[in-house]
Enquirer: 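Mind having a look at this structure? Questions to follow.
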Amino acid sequence: GNFNLLSFDRALFLGRNYSRIGHFTKDELAFFEKLFYFQADDYGFYGDKVLTNLTDKISLKETKKIPYTGHYLYNGDAQKMYSAMRRILGKNIILTSGVRSIVKQMYLFLNKCNKTKGNLSIASRSLAPAGYSYHGIGDFDVGKTGYGYRNFTADFAKTDEYKRLMDLGYIKIRYTEDNPFGVRYEPWHIKVV
């Protein structure tokens with residue numbers, strides 16, 4: 001779970017000081033910088049950049065680890081929303097992704113790029129590039145307990161849990177079916193910010 005909060009500077013420190021991890025080469029560092037500072041709308045992602053510096057950090061004091069999930073939420077609105085959802089739906093709803101640092105988002109995005117054979121456009125349709133994810137400033141994902149990968153598909157919108165969350169006003173979809181950002185429909189994404 002701590003990987004979710006890992007800053008770029010801390011990742012560099014760990015790489016330099018722990019031989020099992022290994023340091024980043026100049027070419028790798030240049031690649032990370034280019035990918036982070038590149039304008040995502042050039043390859044079809046039209047969302048806002050919410051974290052503007054590669055070295056932006058998430059303060060551990062501003063977050064709370066959510067038991068049994070491996071994820072963190074920001075204190076305040078995000079934590080209150082999730083707590084209210086759990087009070088209403090109990091164990092039927094689970095946090096599937098919370099706070100994500102730039103390092104975590106970069107890792108997820110690069111994995112998605114790898115699966116799409118390096119196609120940034122296709123990768124960014126299902127995962128925001130590092131710096132563009134609202135997970136870095138407050139949003140989070142939920143799912144139906146025991147629903148597995150389908151929590152990250154349109155199938156989640158067919159569940160009773162989703163319908164209940166919509167009826168109660170907890171789900172305000174950032175990435176609707178017809179969103180202008182170039183992103184797939186994400187009914188599981190809880191808009192906080």
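Keep in mind it's a predicted model, so treat the numbers as computed, not measured. Just so you know, these numbers use all the heavy atoms, side chains as well, and skip hydrogens, waters and symmetry mates.
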Enquirer: Do Leu12 and Leu29 come close enough that some side-chain heavy atom pair is under 4.5 Å?
Expert: yes
Enquirer: Measure the shortest side-chain to side-chain distance between Tyr134 and Arg174 over non-hydrogen atoms and say whether it is less than 4.5 angstrom.
Expert: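 The answer is yes; the side chains approach within 4.5 Å.
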Enquirer: For Arg87 and Ser83, test the side chains for any donor-to-acceptor distance below 3.5 angstrom and give the result as yes or no.
Expert: no
Enquirer: Do Phe156 and Tyr162 make the cut of ring centroids closer than 6.0 angstrom?
Expert: yes
Enquirer: Between Asn179 and Phe181, what is the shortest heavy-atom contact and its length?
Expert: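 Scanning both residues, the minimum pair turns out to be OD1-N, 2.9 Å.
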Enquirer: Run the ring-centre check on Phe8 versus Phe36 and record whether the distance is less than 6.0 Å.
Expert: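 Distance test on ring centres: not under 6.0 Å, no.
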Enquirer: Looking only at side chains, do His135 and Asp141 share a donor and an acceptor under 3.5 Å apart?
Expert: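 There is such a pair (donor and acceptor under 3.5 Å, judged by atom type) between the side chains of His135 and Asp141.
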Enquirer: Does one hydrophobic cluster hold both Ile122 and Phe109, with members joined at side-chain heavy-atom distances below 4.5 Å?
Expert: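 The answer is no; the residues belong to distinct hydrophobic clusters.
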Enquirer: Could you tell me whether Tyr185 atom OH has more than 12 heavy atoms of other residues or ligands within 6.0 Å of it?
Expert: yes
Enquirer: Applying salt bridge (charged side-chain N to carboxylate O under 4.0 Å, His left out), run through Asp167 and Arg164 and close with a yes or a no.
Expert: CA-CA 5 Å; Asp167 289 345; Arg164 184 97 163 101; over 6 Å; no
Enquirer: Are the aromatic rings of Phe45 and Tyr132 close, with centres under 6.0 Å apart?
Expert: yes
Enquirer: Between Ile94 and Arg86, which heavy-atom pair has the shortest distance, and what is it?
Expert: CD1-NH1, 4.2 Å
Enquirer: Less than 6.0 angstrom separating the ring centers of Tyr74 and Phe140, yes or no?
Expert: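 No - the distance between ring centres of Tyr74 and Phe140 does not fall below the 6.0 Å cut-off.
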